[in-house]
Structure formats: C-alpha cells, structure tokens
Undergrad: 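One structure coming up, written as structure tokens, with questions to follow.
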Amino acid sequence: MPDQRAAFLDRDGTILVDPAYLHQPERVRFIPGSAEAIHRLNAAGFAVVTVTNQSGIARGMYDEAAYRAVQHRLVELLATYDARLDGQYFCPHYPGVSGPCDCRKPGLKLFLEAQQALGIDFKRSFWVGDRLSDVEPARLLGGRAFLVATGRGAEHRDQARVLNVPVVTDLAAAVEQIVRAA
C-alpha cells in the first residue's frame, strides 16, 4: 500500500513567475519564497512533484525540448536552495488543437503515474496551484488543496471559496499550513 506523502505543485504562477508560455530558461524566476518552500517540503519528508499543463507545445509556440530546458533550469536553481523535485510531469496537449486527453489537469493520468512511480498515498497528499484545474484533483483523489493568490489565483478566489478550497497568499503560505497539518 502506498504511504508516501506528496505535494503536487503547479509550476507557472505557483513556483515560477508566469510570463505566459514560459519556454526560455533565462526567463525562469521564482515567486519569492517558493524555492525555500520546496526545501521545507523536502525536509518534512514530502515527495515534491510538479504537474503542469503546457498548451504552448500543442499550439506550436515551443517544443518539448524548450519545456525540458526550462525544467532543467528550475532544477538547477532549486539545487542552490538545497531543494529538489521528486517527480516532474507535464501535459503537452490543448483540447482546441490536439483534442481531449487524460493528462491535462484536472485529468488524473499524470497524478496516477506519479502515484505508481513514487508510492504516493493521495489521502495524505496536498495539491497547490493558481487555477482551479490545479487543485480539483485533490477532491477527486482524496487529498487537500490550496489555491495560491499568485499567478492567476486572484481570478479564481471566489470560486475556490465556494468549493471550500482555502486561498493563501503564495506557495510559502500553503507549505506553512501543509507542514503544520502533517
């Protein structure tokens, strides 16, 4: 039976400043406090997993190599904070271009793959993101969610509250509550 706690984090707008369709490694910038928050999750024994929709790939704005270059830069920068990602998953699709898929959040395919690879217990896990699609899987899989007000989070604040999803200022504030609850 899986027993690993995990924190599933959206990337753009949650960990990184979102300039829209981030595909240039030199533009990778942390939202203040996010790298330290990931370090704190690592230290608390959580598997830290990024799950991100990358519709710019399907739209032809950049390719998978550009996505991977940004991820590589993210990992490099996290290492300077003694922080790491335990899993990295992405959906390259966009329904209006490539048709529907099971991996685009709030779809569950990527989360199930992470569970299989890392032995994750969803009921002991947390989801953090700046869009409702980032945190909806928590409800479907039995975990807890936080919507951050960074990125596009402010646009979804009222709907999150209706759905009983706590809204916090940023990833650092979410991690404070996650570690306290663990």
Side-chain angles (χ1 to χ4, degrees), residues 6-41 48-81 83-98 101 103-107 110-111 114 126-138 145-161 163 165-178:
F8 293 101
L9 309 179
D10 176 53
R11 189 187 78 179
D12 304 331
T14 302
I15 300 170
L16 300 178
V17 173
D18 185 1
Y21 304 105
L22 178 60
H23 64 281
Q24 299 150 311
E26 65 275 9
R27 295 190 71 193
V28 171
R29 302 281 179 276
F30 286 117
I31 292 172
S34 63
E36 296 89 346
I38 292 171
H39 170 79
R40 189 164 183 205
L41 287 167
V48 179
V49 180
T50 57
V51 180
T52 178
N53 289 339
Q54 294 295 314
S55 69
I57 295 171
R59 296 172 195 234
M61 302 170 85
Y62 53 94
D63 59 17
E64 286 189 26
Y67 161 78
R68 292 187 196 291
V70 168
Q71 282 299 108
H72 180 75
R73 182 66 178 146
L74 169 59
V75 168
E76 282 181 337
L77 292 173
L78 281 173
T80 67
Y81 290 86
R84 72 178 186 288
L85 300 177
D86 299 291
Q88 303 173 52
Y89 297 84
F90 74 102
C91 172
H93 307 114
Y94 183 67
V97 175
S98 52
C101 68
C103 59
R104 184 172 176 81
K105 292 182 292 182
L110 300 178
F111 300 102
F126 295 83
W127 279 254
V128 183
D130 69 320
R131 297 173 189 240
L132 292 174
S133 60
D134 298 329
V135 298
E136 175 67 11
F146 293 94
L147 184 81
V148 293
T150 54
R152 308 277 305 263
E155 298 172 25
H156 303 281
R157 182 185 317 250
D158 292 339
Q159 194 173 2
R161 288 189 177 126
L163 297 171
V165 174
V167 179
V168 295
T169 55
D170 56 20
L171 180 57
V175 169
E176 175 69 29
Q177 292 191 39
I178 290 168

Undergrad: Evaluate the side-chain contact (heavy atoms from CB on, under 4.5 Å) criterion for residues I57 and E64: first the C-alpha distance (whole Å), next the side-chain angles of each, then the deciding distance (0.1 Å), finally the verdict.
TA: CA-CA 7 Å; I57 295 171; E64 286 189 26; 4.0 Å; yes
Undergrad: With a 3.5 Å distance limit and no angle check, can you tell me whether N53 reaches the backbone of K105 through a side-chain donor-acceptor pair?
TA: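 Yes, N53 side chain to K105 backbone: donor-acceptor pair under 3.5 Å.
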Undergrad: Step by step, would you call F90 with C103 a side-chain contact (heavy atoms from CB on, under 4.5 Å)?
TA: CA-CA 8 Å; F90 74 102; C103 59; over 6 Å; no
Undergrad: Roughly how far apart are M61 CE and L22 CG, rounded to 0.5 Å?
TA: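 Interatomic distance, M61 CE to L22 CG, rounded to 0.5 Å: 11.5 Å.
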Undergrad: Any idea which heavy atoms bring A35 and A83 closest together, and the distance?
TA: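 Taking A35 first and A83 second, the nearest heavy atoms are O-CB, 3.9 Å.
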Undergrad: Determine the minimum heavy-atom distance between G33 and A172, stating which atoms define it.
TA: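 So the two residues come closest at O-CB, 4.0 Å.
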Undergrad: Given the rule in the side-chain contact (heavy atoms from CB on, under 4.5 Å) test, do L171 and T150 qualify, once you have shown the distances and angles that lead to the verdict?
TA: CA-CA 8 Å; L171 180 57; T150 54; over 6 Å; no
Undergrad: Out of curiosity, L163 CG to L132 CG, how far, rounded to the nearest 0.5 Å?
TA: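 One finds 6.0 Å between CG of L163 and CG of L132.
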Undergrad: So, for H23 and V70, which heavy atoms are closest and what is the spacing to 0.1 Å?
TA: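 Residues H23 and V70, closest heavy atoms: C-CG2, 3.5 Å.
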Undergrad: Is the closest side-chain donor-acceptor distance between Q88 and R11 under 3.5 Å?
TA: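 Short answer, no.
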Undergrad: Please check if the side chain of D86 supplies one atom and the backbone of V49 the other of a donor-acceptor pair under 3.5 Å.
TA: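 No.
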Undergrad: Could you tell me the separation between the CZ atom of R73 and the CD atom of Q71, rounded to the nearest 0.5 Å?
TA: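 One finds 13.0 Å between CZ of R73 and CD of Q71.
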Undergrad: Do V148 and I31 have side chains that get closer than 4.5 Å, going by heavy atoms?
TA: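 Sidechains of I31 and V148: no contact.
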Undergrad: Treating T50 as the side-chain partner and L9 as the backbone partner, does any N or O pair qualify as donor plus acceptor under 3.5 Å?
TA: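 No; judged by distance alone, with no hydrogens or angles, the pair does not exist.
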Undergrad: State the CG-CG distance between L16 and L77, to the nearest 0.5 angstrom.
TA: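 It is 8.5 Å, given to the nearest 0.5 Å.
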Undergrad: Quick one: does any side-chain atom of H93 pair with a main-chain N or O of C91 as donor and acceptor, under 3.5 Å?
TA: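 Answer holds: no.
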Undergrad: As an exercise, state the distance from OG1 of T52 to CG of L74, rounded to the nearest 0.5 Å.
TA: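 Reported value, rounded in 0.5 Å steps: 10.5 Å.
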Undergrad: Give me the atom names and distance for the closest heavy-atom approach of V167 to A160.
TA: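 For V167 and A160, the tightest heavy-atom pair comes out as CG2-CB, 3.8 Å.
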Undergrad: I'd like to know if the side chain of R29 and the backbone of E26 have a donor-acceptor N/O pair within less than 3.5 Å.
TA: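 Between the backbone of E26 and the side chain of R29 there is a qualifying donor-acceptor contact (under 3.5 Å).
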Undergrad: Which heavy atom of W127 sits nearest to which heavy atom of V135, and what is that distance?
TA: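 In terms of heavy atoms, the two residues are closest at O-CG1, 4.0 Å.
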Undergrad: Should the pair F126 and F146 be assigned to parallel (<30°), tilted (30 to 60°) or perpendicular (>60°) ring geometry?
TA: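 Parallel: the ring planes of F126 and F146 meet at under 30°.
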Undergrad: Does D63 reach the main-chain N or O of A65 with its side chain, forming a donor-acceptor pair under 3.5 Å?
TA: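 Yes; judged by distance alone, with no hydrogens or angles, the pair exists.
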Undergrad: On a heavy-atom basis, which atom in A58 and which in V97 lie closest, and how many Å separate them?
TA: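 Heavy atoms of A58 and V97 come nearest at O-CG1, 3.2 Å.
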Undergrad: Is the closest side-chain heavy-atom distance between S55 and R104 below 4.5 Å?
TA: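 When only atoms from C-beta onward are counted, R104 and S55 do touch, with a gap below 4.5 Å.
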Undergrad: Apply the test salt bridge (charged side-chain N to carboxylate O under 4.0 Å, His left out) to residues E136 and R131: give CA-CA distance (whole Å), side-chain angles for both, the deciding distance (0.1 Å), then the verdict.
TA: CA-CA 9 Å; E136 175 67 11; R131 297 173 189 240; over 6 Å; no
Undergrad: Could you check whether atom CZ of F30 has more than 12 heavy atoms from other residues, nucleotides or ligands sitting under 6.0 Å from it?
TA: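 Above 12, so yes.
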Undergrad: Quick one: does D130's side chain have a donor or acceptor within less than 3.5 Å of a partner on R152's backbone?
TA: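 Such a contact is found between D130 side chain and R152 backbone.
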